[in-house]
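Positions are given from 1, in the same order as the sequence printed here.
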Amino acid sequence: MLPVDLTDTLALHAPRRSPTSLMQLAILGRAIGLQPGQRVVDFGCGYGEALVLWASCFGVSGLGLDSNPDFFARAQALATAHGMQHLVRILHADASTYDCGSERFDLTACIGASGLWGGFGPALRAMRPILTPAGRAVIGEPYYTTSEVPPGLLDYEGPFHTEQELFELANTAGFDVGYVARSSQAEWDAYAANWTADIQRLGALNDPTEQLRLRQGLRRQQRIYNEYRQQFQRFALYALYPV
């Protein structure tokens with residue numbers, strides 16, 4: 001059960017990087033056996049929701065890395081607001097080049113940020129060496145629901161994998177897939193089809209040329225979503241265990 005105040009506050013900071021829900025993160029944490037004293041590192045931690053939630057619910061300590069100054073500031077504020085600053089440390093750093101030195105972690109996480117290393121496979125190869133012998137990796141990744149991806153979606157989104165391809169890449173990187181938490185259609189819609197912030201930005205602009213550019217971009221997003229993304233693309237969290 002999530003603490004009510006944590007759920008309410010985190011809901012105000014819904015992650016834009018992925019459609020993962022807080023409940024999915026909590027259930028995943030329980031499924032992989034997070035417990036007090038364990039160490040977690042979250043690469044591309046965004047607003048810090050996963051770290052703060054896992055620290056609050058399971059007593060783990062963690063390190064969050066993000067190079068976005070706004071995300072960094074919000075993650076720090078979130079940890080402080082929930083009294084988790086003694087367990088959660090946030091660094092303003094490039095996660096893809098951060099040197100963990102000899103430090104090893106019970107869980108390495110990368111949720112919606114594998115692009116830091118150039119994709120799913122490279123992200124796993126980067127995270128495995130810093131795991132403890134009994135450690136796990138959690139990676140959140142979009143995937144295509146078919147190998148026959150419509151060209152319009154492929155041009156817009158780029159070369160994501162099918163879910164079976166993700167499993168095969170995980171196996172190649174030396175992991176077994178132990179748990180999968182797929183985002184529901186409603187969660188995917190809330191993430192991929194929420195254009196309120198874009199419309200608010202449009203309303204604040206005084207430059208007609210910039211307004212036109214942003215509105216054209218918004219309508220292209222909506223067309224891609226309606227024609228392709230809601231049918232051919234999904235997102236899931238994968239808990240991976242080193243072989």
Side-chain angles (χ1 to χ4, degrees), residues 1-36 38-95 98 105-116 123 127 136-142 179-184 186-194 196-197 234-240:
M1 181 69 67
L2 294 178
V4 173
D5 62 329
L6 182 67
T7 305
D8 290 345
T9 301
L10 287 177
L12 299 177
H13 298 272
R16 294 295 301 270
R17 191 170 280 174
S18 78
T20 301
S21 71
L22 298 173
M23 189 58 67
Q24 279 184 325
L25 289 169
I27 293 172
L28 180 142
R30 180 179 296 170
I32 63 178
L34 289 182
Q35 55 188 305
Q38 291 185 329
R39 294 272 297 145
V40 178
V41 59
D42 189 357
F43 293 99
C45 67
Y47 296 167
E49 295 95 338
L51 277 177
V52 172
L53 186 146
W54 288 334
S56 177
C57 291
F58 304 106
V60 301
S61 61
L63 170 65
L65 304 165
D66 208 294
S67 61
N68 183 303
D70 179 54
F71 291 179
F72 162 70
R74 289 183 183 224
Q76 279 196 317
L78 193 65
T80 300
H82 292 288
M84 291 293 115
Q85 66 271 26
H86 65 295
L87 292 176
V88 173
R89 181 165 60 107
I90 308 295
L91 295 182
H92 183 213
D94 183 345
Y98 182 79
F105 296 88
D106 301 290
L107 176 65
T108 59
C110 178
I111 300 173
S114 68
L116 289 167
M127 292 193 292
R136 288 87 70 204
V138 168
I139 187 163
E141 189 78 357
Y179 183 85
V180 181
R182 298 179 185 87
S183 295
S184 67
E187 289 163 341
W188 181 245
D189 286 342
Y191 163 73
N194 183 359
T196 301
R234 289 291 182 271
F235 186 92
L237 291 171
Y238 300 94
L240 308 175

Any donor-acceptor N/O pair, Q35 side chain to G59 backbone, under 3.5 Å: no
Counting C-beta onward and ignoring hydrogens, is there a side-chain heavy-atom pair between [X] and [Y] closer than 4.5 Å?
X	Y	answer
D106	V60	no
D42	E49	no
R74	L78	no
L63	Y98	yes
H92	P69	yes
F58	I32	no
L237	I111	yes
S56	H82	no

Can you give me the closest heavy-atom contact between [X] and [Y], atom names plus distance?
X	Y	result
Y191	P19	CB-CB, 3.3 Å
A123	I139	CB-CD1, 3.9 Å
E187	Q24	OE1-NE2, 3.6 Å
A75	G48	CB-N, 3.8 Å
G62	R39	N-NH1, 3.9 Å
L51	V88	O-CG2, 3.8 Å

When rounded to the nearest 0.5 angstrom, what distance separates [atom1] in [X] from [atom2] in [Y]?
X	Y	atom1	atom2	answer
R89	L65	CZ	CG	8.5 Å
T108	F43	OG1	CZ	6.5 Å
Q76	D66	CD	CG	11.5 Å
C45	F72	SG	CZ	9.0 Å
S61	F105	OG	CZ	8.5 Å

Quick one: side-chain hydrogen bond (donor to acceptor under 3.5 Å, both in side chains) partners of D94, sequence neighbours excluded? S96
Please walk me through it: do R136 and Q38 pass side-chain contact (heavy atoms from CB on, under 4.5 Å)? CA-CA 11 Å; R136 288 87 70 204; Q38 291 185 329; 3.7 Å; yes
Do the rings of Y47 and F71 sit parallel, tilted or perpendicular, given the 30° and 60° boundaries? perpendicular
So T20 and L28, side-chain contact (heavy atoms from CB on, under 4.5 Å) or not? Walk me through it. CA-CA 11 Å; T20 301; L28 180 142; over 6 Å; no
